[in-house]
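These notes concern the structure reproduced below.
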Amino acid sequence: MVERFLRQTHFESVEDYNKHLAFIIPEHFNFAYDVMDQWAVERPDGLALLWTNDQGAEIRATFAQLKEQSDQAASYLQSLGIGKGDPVMLILKRRYEWWVVMLALHKLGAVVIPATHMLTKHDIVYRNTRASVKAIVCVDDDYVMGQVEAAMPESPTVKVLVGVAESRLSRDTQCHWHDWQAEWRQAPKFQRPATLNDNDDTMLMYFTSGTSGEPKMVAHDFLYAMGHLTTGVFWHHLHEGSIHLTVADTGWGKAVWGKFYGQWFAGATVFVFDHEKFNADTLLRQMEKYRVTSFCAPPTIYRFMIREDLSKYDLSSLEYCTTAGEALNPAVFDKFFEKTGIRMMEGFGQTETTMTLGTFPWMKPKPGSMGMPNGQYDIDLLKADGTPCEDGEKGEIVIRTKPGSKPLGLFKEYYRDEELTHEAWHDDVYHTGDMAWRDEDGYYWFEGRIDDVIKSSGYRIGPFEVESALMTHPAVVECAITGVPDDIRGMVVKATVVLGKEWKDKAGDALVKELQQHVKKETAPYKYPRIVEFVDELPKTISGKIRRVEIRNKDSKK
């Protein structure tokens, strides 16, 4: 399969990779047809997806079965009026149907918007309105259904329910739900659309947090899928016969990094463990039972894993491990290597990109380093004045582009926001907003964000979203959200709060818990501040802007 899309498929060194990496790009590339359906022809009985959950259920799907199911799902979605260019939001946790619906929407040329199940009514209304969402396919869950229903009066869409839906659909509700289980098999035989997508049509959109305002809409074209070929084939080092597990919720961009495109380019089996609550012992038991050969997770997961007695588990099938999402503590690398004999290979990228920096199989990993540039991108480090950094100098990671074109895997735009797009990508340079330095061997070392986005347990959390939630509580006059380093989560959210006069005598543990619970109700619960500090005033610039950097610097000295 890889030979169809790369002029050279084997590399001996970084120099060889960077010099000879070249893609063969079809005129109308569509991952569902050109990769998955082709595997269904070449390896119909090959195991494509191995899905399990914490209730003991198991589904094994071959490439031929996924083709049949995705065709049927595409026909069903067509019957609901979904077609080329229509935005469809998926709130499906790790349910098996997510993979089927993703492929089906690709086959229709529709726009997929994966989303977390922790969205509130406000979050859903915002997404429905900003992206003109035509349909929501959501998991059978009381909380999720309730938030979707609450959003409907302000932003109506077609709603499809996935799960054991009978009891839910029989309850009193003013919203009409389509029942996936009852309806999708009744759709007629799928007829492939006569008009294929163009390569630059929008295929996928993610809402991602920023430091101010509401989340941005990151739009990717159909070639974004091909941009992940290097992720699965080279960074994850996968092959036919690999069983790969990436720990990521399907509402997070990391899901398509590790549970979809690159792995299936390689012809590997995607392993999914659908669980409600993470437990290191349970995860390790699943890896043992299903003989997982390749594993990827943020450093937080590895931190929990090395606290277990790994000698209790048979991990002899494990061949390769990778990590991304936040900076890796070298002590975690060393401990994991000591216990397993496997060196973790780091990688770096954004929602706006595929993997831009990575530690590839032909490289010796340096614990804590993100690795070297992926050959499909022209990476540089720039100082504040726009001049390139020398080795050892800190600068912003940027991607240089060519006039009228862009690297494979780089996003198209921030949807419906030309000003924001130009702010990040101008003069043929895309600015990542991430800081790093490069050593004398060409390895890059992450320093942090230029802005204030907090990365906690792999999640990107924008201060404005949490501040907005806190400000709706009557006790809060002003607040600032910052990140505080944490051994387990990488960073945790801290709220520095100025209280109203009538609340100041109530400052204490009870009010801290009340504010935390309030944030959990107002926005996705993972964003709540684990640390709350009450102050008389916030540090500000002359123009009145809050100086979060001053708060961070003060906390770092404690």
Side-chain angles (χ1 to χ4, degrees), residues 29-40 48-51 59 61-63 65-78 80 82-117 131 133-139 158 160-163 180 184 187 190 192-193 197 201-207 218-229 231-232 244 246 248-265 268-272 274 351 354:
F29 176 73
N30 186 300
F31 178 82
Y33 294 124
D34 296 330
V35 177
M36 294 304 289
D37 282 6
Q38 190 60 38
W39 277 126
L49 185 62
L50 173 50
W51 178 94
I59 300 175
T62 66
F63 287 106
Q65 289 169 330
L66 275 186
K67 170 179 166 43
E68 177 187 353
Q69 293 169 16
S70 60
D71 280 351
Q72 190 68 26
S75 177
Y76 173 54
L77 292 168
Q78 275 181 324
L80 298 179
I82 305 301
K84 183 179 179 182
D86 288 332
V88 179
M89 185 156 61
L90 307 185
I91 312 177
L92 288 172
K93 296 187 177 181
R94 294 181 179 89
R95 295 292 179 87
Y96 172 82
E97 289 82 0
W98 184 81
W99 283 263
V100 176
V101 177
M102 282 281 290
L103 290 171
L105 290 170
H106 287 351
K107 288 182 173 183
L108 296 177
V111 180
V112 185
I113 306 176
T116 173
H117 60 280
V133 170
K134 187 167 183 178
I136 295 175
V137 182
C138 96
V139 68
V158 175
V160 181
L161 190 65
V162 170
W180 175 277
W184 81 292
F190 177 58
R192 181 169 169 167
N197 59 275
D201 286 345
T202 300
M203 175 191 74
L204 180 74
M205 286 204 299
Y206 277 103
F207 283 78
V218 179
H220 284 288
D221 59 28
F222 276 79
L223 291 181
Y224 171 73
M226 190 183 291
H228 278 296
L229 185 155
T231 307
H244 179 78
T246 283
D249 184 84
T250 60
W252 182 23
K254 191 65 166 58
V256 295
W257 278 50
K259 304 166 94 75
F260 206 80
Y261 298 122
Q263 297 65 45
W264 280 335
F265 267 112
T269 299
V270 172
F271 178 77
V272 181
D274 183 8
T351 306
T354 58

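These numbers come from the heavy atoms of this one structure, side chains and all, not from hydrogens, waters or symmetry mates.
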How are the rings of [X] and [Y] set to each other: parallel, tilted or perpendicular (split at 30° and 60°)?
| X | Y | value |
| --- | --- | --- |
| Y261 | H228 | parallel |
| Y96 | W51 | perpendicular |
| W184 | W180 | parallel |

Which atom pair, heavy atoms only, marks the closest approach of [X] to [Y]?
| X | Y | answer |
| --- | --- | --- |
| H106 | F222 | O-CE2, 4.0 Å |
| H244 | G258 | CD2-O, 3.1 Å |
| A268 | F63 | O-CZ, 4.2 Å |
| L204 | M102 | CD1-CE, 4.5 Å |
| L108 | A74 | CD1-O, 3.7 Å |
| A219 | T202 | CB-CG2, 4.2 Å |

Whether the side chain of [X] engages the backbone of [Y] through a donor-acceptor N/O pair (distance < 3.5 Å, no angle test) should be reported.
| X | Y | value |
| --- | --- | --- |
| W39 | W264 | yes |
| Q72 | K67 | no |
| H220 | T351 | yes |

Measure the [atom1]-[atom2] distance between [X] and [Y] for me, rounded to the nearest 0.5 Å.
| X | Y | atom1 | atom2 | answer |
| --- | --- | --- | --- | --- |
| T231 | F260 | OG1 | CZ | 14.0 Å |
| C138 | M89 | SG | CE | 9.0 Å |
| W98 | K259 | CH2 | NZ | 8.0 Å |
| E97 | L90 | CD | CG | 11.5 Å |
| D71 | F190 | CG | CZ | 5.5 Å |

- Task: Taking side-chain contact (heavy atoms from CB on, under 4.5 Å) as the test, write out the residues that go with A135, two or more places apart.
- Result: I82, V88, V158
- Query: With sequence neighbours excluded, what pairs up with S70 under the side-chain hydrogen bond (donor to acceptor under 3.5 Å, both in side chains) test?
  - Reply: K107
